[in-house]
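Here's the structure we're looking at; comments come further down.
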Amino acid sequence: MSKKVVVETTINGEATEFLCEPRQSLLEVLRDELELTGSKEGCLTGDCGACTVIINGRPTCSCLVLGVEAQGKKIDTIEGLARPEGLHVLQRKFLEHAALQCGICTPGFLMSAKALLDRNPSPTEAEIRYALAGNLCRCTGYDKIVRAVIDAANTLSGARAA
Amino acid sequence: MAAHGDKARALCGGTDLIIQMRAGVRRPEYVVDLKNIAALRQISFSMQHGLRLGAAVPAIEIHENADMRRYYPGLTEAAHLIGSLQIQSRASVGGNLCNGSPAADTIPALIAVAAKARVIGPQGERLVPVEEFCTAPGRTVLQPDEILIEFQIPTPAPHSSDAYQRFIPRNEMDIAVVGVGAAITLDPADDRCVAARIALGAVGPTPIFAREAAAALVGKRLDEASIDNAARAATAASSPIDDMRGTAEFRRHVVGVLTRRVVKLAAERARVAQSR
């Protein structure tokens, strides 16, 4: 077994230091070492998107990233999405549109949607569907998720216009 | 890499390697992360020197690069077909080649644009044409102490362009059942094809450089007859197998269909490409 490595990173805006084995994935580190269990383990092959986090602004499957690769990176997880004053607009719209049932895919969808809206505040429906293609949901049939993201994008752009 | 030989494996995006390690398909004792080396992360293009594409550049940065979209649309669309945005944030063209899958989307596109792989090791450097890089499924010419640094790709000739298409049974996020890349150069005076390169994916143990298919086009106008000849030659060059993604017979048929489509698409792009 290899020696543990000290990794310095930024998670949800806070400087964070953790110890991990070189073989551990970022997902394992988040869940098992840092107790950030919002990112879910699904397929472990990069197909389902349940473990999606945002690394330096890019949506990424944390199951396909080694913990040691987090060194010097800026990582955003589902735990950082809501603010002390309330839920993120994407979270509110997911609730309003009933865009979740069992909920295990939801953190991944929210992070993919956030990464999209951060880069493209007014996406078309096709762009939304493309951006969410790496997230699988076995309950909703996707349509409510797409409606929720469209509504969130409209709400955000309305707030900017006001 | 040199110290540990075949016990070491290079890591870029990890979208193949980490899965293979988890499944026990590859069991390296050492994993060497190469993607923080600046030379492996750059895209630089000039009309004079052509393109240098770092081996570890993630697919999404290729799609976001205006020179890539303008001068190498086929290679760009191949990179942009790989997996989801989560995967494209990590997966690199260099990794796609070194993984050595016969179904890799970017390899036929690289062959079409005459890419050479710049390989470096303790013995020095060498440039390997991409069509000579893969030797068997999952195997390449890379020695255990060598790494792929970048691709060197010539400036497209005037009135030329490229295209890549694949067949998958769904809209996105799948492995090619067949993939075809083509680059076409036209004579603007009479619209004859003056140069062509065609390459096939997922229809043999390695990606296939279909020289005979391209030869069927050179000197000809790209009409139904010449394109049919190219499609027949491409089908003849393929040697597909039956597997869970498709039968050999179906794949041979699709090779012909996609060859027609990518030749026409590359030619359309070549006609509108500005004189360079």
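A quick note: this is a predicted structure, and the numbers were derived from the prediction, not measured. Proteins come first, then strands; the chains are lettered A, B, ... in the order of their sequence lines, and each starts at number 1.
- With A/Thr60 contributing its side chain and A/Ser62 its backbone, the two residues share no donor-acceptor pair below 3.5 Å.
- A donor-acceptor contact shorter than 3.5 Å is absent between the side chain of B/Asp145 and the backbone of B/Gly121.
- For A/Ile55, no part lies under 4.5 angstrom from a heavy atom of chain B.
- Under the 4.0 Å criterion applied to side-chain N and carboxylate O atoms, B/Arg90 and A/Glu69 are assigned as salt-bridge partners.
- Comparing B/Met173, B/Met21, B/Lys35, B/Arg22 by heavy-atom pairs within less than 4.5 Å of chain A, the highest count is held by B/Arg22.
- With a 4.5 angstrom heavy-atom cutoff, A/Asn56 does not touch chain B via any of its atoms.
- Ion pairing between a basic and an acidic side chain is recognised when a charged N comes within 4.0 Å of a carboxylate O; A/Arg147 and A/Glu125 show such pairing.
- Looking at B/Leu85, both its backbone and its side chain come within 4.5 Å of chain A, counting heavy atoms on both sides.
- Between chain B and the options A/Ser112, A/Ala131, A/Pro22, A/Gly134, the largest number of non-hydrogen pairs under 4.5 Å is found for A/Gly134.
- The most heavy-atom pairs under 4.5 Å with chain B, out of A/Gly49, A/Ala133, A/Ser25, come from A/Ala133.
- Using cut-offs of 30° and 60° for the angle between ring planes, the B/Phe250 and B/Phe167 rings count as perpendicular.
- Remark: A/Asp151 does not engage A/Arg92 in a salt bridge, criterion side-chain N to carboxylate O under 4.0 Å.
- For B/Ile60, the part lying near chain A is the side chain, with the backbone staying farther off; criterion is any non-hydrogen pair under 4.5 Å.
- Your options are A/Thr52, A/Val65, A/Leu116, A/Val68, and the one with the most heavy-atom pairs under 4.5 Å with chain B is A/Val65.
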